[in-house]
Amino acid sequence: MSRRPVWLLAAPVIFLILWSAGFSVAKIGLRHSGPFTLLALRYLLAVAILLPLLPLVRPPLPRGRAALDIAVTGFLIQVAYFGLCYIAFRSGVSAGGVAIIVCLQPILVGLIAPSFVGERVSLMRWLGLGLGLAGALTVIIARSGISAEPPLGLLAAVGGLLGITGGTLYEKRFGAPQHPIPANLIQYGVGALFTLPVAVLAEGLHADWTGELAAVLFYLVIGNSLVSMTLLLAMIRAGEVARVSSLFYLVPPLSALFAWPLLGEALPLAGWLGMALAATGVALARR
C-alpha cells in the first residue's frame, strides 16, 4: 500500500489556517474598498505575480478542455463564491449568518457526490458531517447569535454556497492534475475578467490606500489565492470530495478564533465546546 506524500498530510492543516484567517482579513479589507474592488485587486495582483513565472519555469500549459475546466472551476469559486459572500457582508448579513449558510456545503456535497462523481458517503461519514454541522452552528450562535437578516443578502450567501459546492464537485469530476502556475493563472484571470468591470462600473475602483489595505491584499493574494487554492484543488483531486468538504466545518470555528485578536470578537465558552464538536465530526468524516 503506497504511503501518502508528506505535503498531502500537512495540506489540511495549512489550508484551514490560511483559509479561516482569510475571513477576518477580508472583513478588514472591506473597510477600505468595495467588495468587487477588493476582489479585482486581489486577482490582478495574483496574475501580476504569476505571469512573469511562465517564461522562467516553462510549465506544461493546459489546453482545450483542460483549460476550460480550470476556468469553470475558477468562475464558480473566485467569482460566484467569493463575490456573492462579499456582497452578503456588504448588504448587512452578519458573519454568523453567512457562515451558517456556507457551512451547509459538506451536506450538499454529501447529497450530490454519489450521483455526480460516483462517491458513496458511508454512515460514519454522515455521522461526522452531522456532528460537524452541529459544532459549527454552536460556535456561530455562541459568538454572534442569529438576528433578522436582509433577504437579498441571504440570497447572495446562498448563491455563494452553491458556488463553492459547484466548484468542488466540478473540480473532482472534471479536474486533472495541472502545474499550479498556469492553473492559478487561468483561475485568477477569470476572476479578474468578471470582477474588474463590476468594480469599475459599480464602485469606481475606489480604495483607501493605507498600510492596512496593503497588508490585507498581501495576505489575500499569497495566503488565500496562491497557497490555499492550490492546496484545496490538490486535496480534491487526491482524495474523496466528501472528506475534503468536511474540512469546511472547521472554517467557522477557526474563523471565530482568528476574529478574536484581529476583530476583537471574543469567543464564549459555548463556542469552544462547539469547536471541539466540529473537530470530532471532521475526524469521523475523514476516517
Side-chain angles (χ1 to χ4, degrees), residues 1-19 22 39-83 105 109 112-113 116-119 163-197 217-245 247-248 286:
M1 183 175 68
S2 60
R3 298 182 60 183
R4 304 180 73 181
V6 175
W7 73 265
L8 192 57
L9 297 176
V13 176
I14 300 172
F15 168 78
L16 281 171
I17 292 174
L18 294 176
W19 192 275
L39 285 174
L41 292 172
R42 169 181 173 177
Y43 298 149
L44 288 172
L45 287 171
V47 169
I49 292 173
L50 292 169
L51 200 56
L53 297 178
L54 282 180
L56 296 176
V57 180
R58 296 183 180 179
L61 300 179
R63 301 181 185 278
R65 177 59 190 266
L68 177 62
D69 289 337
I70 296 172
V72 172
T73 301
F75 175 82
L76 290 171
I77 296 178
Q78 306 304 329
V79 180
Y81 171 63
F82 282 111
Q105 190 251 16
V109 167
I112 300 172
F116 191 75
V117 297
E119 286 186 5
I164 189 67
T165 303
T168 299
L169 291 170
Y170 191 93
E171 174 65 21
K172 178 60 180 179
R173 179 164 181 174
F174 300 109
Q178 302 288 347
H179 194 283
I181 292 178
N184 281 323
L185 188 57
I186 293 174
Q187 279 211 28
Y188 298 123
V190 169
L193 180 65
F194 283 91
T195 58
L196 183 58
L217 285 171
F218 178 84
Y219 184 91
L220 293 179
V221 170
I222 303 300
N224 278 174
S225 293
L226 299 182
V227 179
S228 294
M229 283 305 306
T230 299
L231 291 176
L232 174 61
L233 298 180
M235 287 189 297
I236 291 172
R237 289 191 294 265
E240 295 173 348
V241 68
R243 290 202 309 169
V244 175
S245 293
L247 291 173
F248 281 87
R286 291 182 58 81

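What's counted below: heavy atoms across the whole structure, side chains too, no hydrogens, waters or symmetry copies.
- Checked by atom type and distance alone, the side chain of Asn224 pairs as donor or acceptor with a backbone atom of Leu18 at under 3.5 Å.
- For the atom pair CG of Leu16 and CG of Leu231, the computed distance is 10.5 Å after rounding to the nearest 0.5 Å.
- In terms of heavy-atom proximity, Pro197 sits nearest to Ala192 at CD-O, 3.9 Å.
- In plain terms, the two heavy atoms of Val79 and Val190 that are nearest each other are CG2-O, 4.2 Å.
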query = Should Leu226 and Leu50 be marked as a side-chain contact (heavy atoms from CB on, under 4.5 Å) after you check the CA-CA gap, both sets of side-chain angles, and the distance that decides it?
reply = CA-CA 9 Å; Leu226 299 182; Leu50 292 169; 3.8 Å; yes

key: Ile164 and Leu76: CA distance, side-chain angles, deciding distance, side-chain contact (heavy atoms from CB on, under 4.5 Å) verdict   = CA-CA 6 Å; Ile164 189 67; Leu76 290 171; over 6 Å; no

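- Of all heavy-atom pairs spanning Pro182 and Pro62, the tightest one is CB-CD, 3.7 Å.
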task = Might you work through the side-chain contact (heavy atoms from CB on, under 4.5 Å) test for Val57 and His179, ending with a clear yes or no?
result = CA-CA 10 Å; Val57 180; His179 194 283; 3.9 Å; yes

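- To the nearest 0.5 Å, atoms CD1 (Ile222) and OG (Ser228) are separated by 11.0 Å.
- Atoms CG and CD1, from Leu185 and Ile49 in turn, are 11.5 Å apart once rounded to the nearest 0.5 Å.
- For the atom pair CD1 of Ile186 and CD1 of Ile181, the computed distance is 12.5 Å after rounding to the nearest 0.5 Å.
- Partner of Gln178 under the side-chain contact (heavy atoms from CB on, under 4.5 Å) criterion, chosen from Leu61, Ile70, Asp69: Ile70.
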request  = Decide yes or no on side-chain contact (heavy atoms from CB on, under 4.5 Å) for Arg42 and Tyr219, but give the supporting numbers first.
outcome  = CA-CA 9 Å; Arg42 169 181 173 177; Tyr219 184 91; over 6 Å; no

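- Contact detail for Pro180 and Thr230: the closest heavy-atom pair is CB-CG2, 3.9 Å.
- Across Thr73 and Gly167, no two heavy atoms sit closer than the pair CG2-O, 3.9 Å.
- Annotation: the span from Leu232 atom CG to Thr168 atom OG1 amounts to 6.0 Å, rounded to 0.5 Å.
- Annotation for Gly191 and Gln78: closest pair CA-CB, 4.4 Å, computed over non-hydrogen atoms.
- Of the options Phe82, Tyr188, Phe75, a ring-ring contact (aromatic ring centres under 6.0 Å, His included) to Phe194 is made by Phe75 and by none of the others.
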